[in-house]
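This chain uses plain numbering: 1 for the first residue, then up along the sequence.
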Amino acid sequence: MSKKTLIAYYSWSGSTKRLAEKIAVVIGDSDIFEIKVPEGTFSQDMYETSDIATKQIKDHNLPKLTDQVNNLNDYQTILVGGPVWSNAPSSPVDSFLQVIQGFQGTVAPFYTDAGSFDKYEGNFADMAGSLHVVEGLEADDDIQSWFDRIKN
């Protein structure tokens, strides 16, 4: 049996969730995991939330995740999605990347944004540490073409 793809995502407003679900339909055989943090971790205001996340990352005080992925070894590829906050991955995505350190497969970011994402993939790769990171997918890109390029 070949190993599957895991689509893990954090969605603050619902945009990344919709993209994750679209990716799942396009690529087929995959599992979806929602990255969640405790209620009240972030504000309902986008700018205040970005400030909170920036401080969390700067202070190395990342939010705790409320659930974990079981059996990472079942996956060959993990697609990690989240919103772009201040040109970087959201702090819940950073928390998830720390949790999956040691994963031996391929990790690829996908992200939703409001127009400022030029440093996102570099920041994602920095946060990913020793994980094998490949090119990402910005929400407007062609999903199938991207996945065909990155899959092992």
Answer yes or no: is there a donor N or O on one side and an acceptor on the other, between the side chain of [X] and the main chain of [Y], under 3.5 Å?
X   : Y    : answer
N87 : K119 : yes
T49 : S43  : yes
T16 : S11  : no
E34 : I32  : no
E48 : Q44  : no

Taking side-chain contact (heavy atoms from CB on, under 4.5 Å) as the definition, give me every residue that meets it alongside [X], ordered by chain and number, with sequence neighbours left out.
X    : result
N71  : D74
S15  : S13, R18, T112
V134 : T106, A108, H132, I150
S30  : T5, I7, A24, I27

Any side-chain heavy-atom pair from [X] and [Y] closer than 4.5 angstrom?
X    : Y    : answer
Y9   : L19  : no
V80  : F124 : yes
P89  : N123 : yes
I57  : M127 : yes
F110 : D141 : no
K4   : Y75  : yes

Separation of [Y] [atom2] from [X] [atom1] (nearest 0.5 Å):
X    : Y    : atom1 : atom2 : result
S90  : Y10  : OG    : OH    : 6.5 Å
D148 : I143 : CG    : CD1   : 11.5 Å
I78  : F96  : CD1   : CZ    : 5.0 Å

Under 6.0 Å from the CD atom of E39, do we count more than 12 heavy atoms belonging to anything else shown?
-> no
Near Q144 CD, under 6.0 Å, is it more than 12 heavy atoms from other residues, nucleotides or ligands?
-> yes
Please name all residues satisfying side-chain hydrogen bond (donor to acceptor under 3.5 Å, both in side chains) with D126, sequence neighbours left out, ordered by chain then number.
-> none
Quick one: closest heavy-atom pair of [X] and [Y], and the distance?
X    : Y    : result
P83  : Y120 : O-CE1, 4.0 Å
T41  : P63  : CG2-CB, 4.0 Å
V133 : P109 : CG1-CD, 4.1 Å
V93  : G81  : CG2-O, 3.6 Å
Q76  : F103 : O-CZ, 3.8 Å
P92  : L65  : O-CD2, 3.9 Å

Check the pair L72 / I100 against side chain to side chain contact (heavy atoms under 4.5 Å, CB included), numbers first and verdict last.
-> CA-CA 8 Å; L72 279 178; I100 66 168; 3.8 Å; yes
Inspect the contact between R149 and E135 and indicate whether a charged nitrogen and a carboxylate oxygen are less than 4.0 angstrom apart.
-> yes
Could you give me the CA-CA distance, side-chain angles and deciding distance for Q98 and D94, then say whether side chain to side chain contact (heavy atoms under 4.5 Å, CB included) is met?
-> CA-CA 6 Å; Q98 301 317 306; D94 194 356; 3.0 Å; yes
Does the side chain of E121 pick up a donor-acceptor pair with the side chain of Y111 at under 3.5 Å?
-> yes
Begin from the C-alpha positions of F147 and L79 and carry the test side chain to side chain contact (heavy atoms under 4.5 Å, CB included) through to its verdict.
-> CA-CA 10 Å; F147 191 68; L79 309 178; 4.3 Å; yes
Residues Y47, W85; criterion side chain to side chain contact (heavy atoms under 4.5 Å, CB included); working and verdict = CA-CA 9 Å; Y47 299 105; W85 289 348; over 6 Å; no
How would you list all residue pairs meeting side-chain hydrogen bond (donor to acceptor under 3.5 Å, both in side chains) that involve residues 52-68, not counting sequence neighbours?
-> K55-D59, Q56-S91
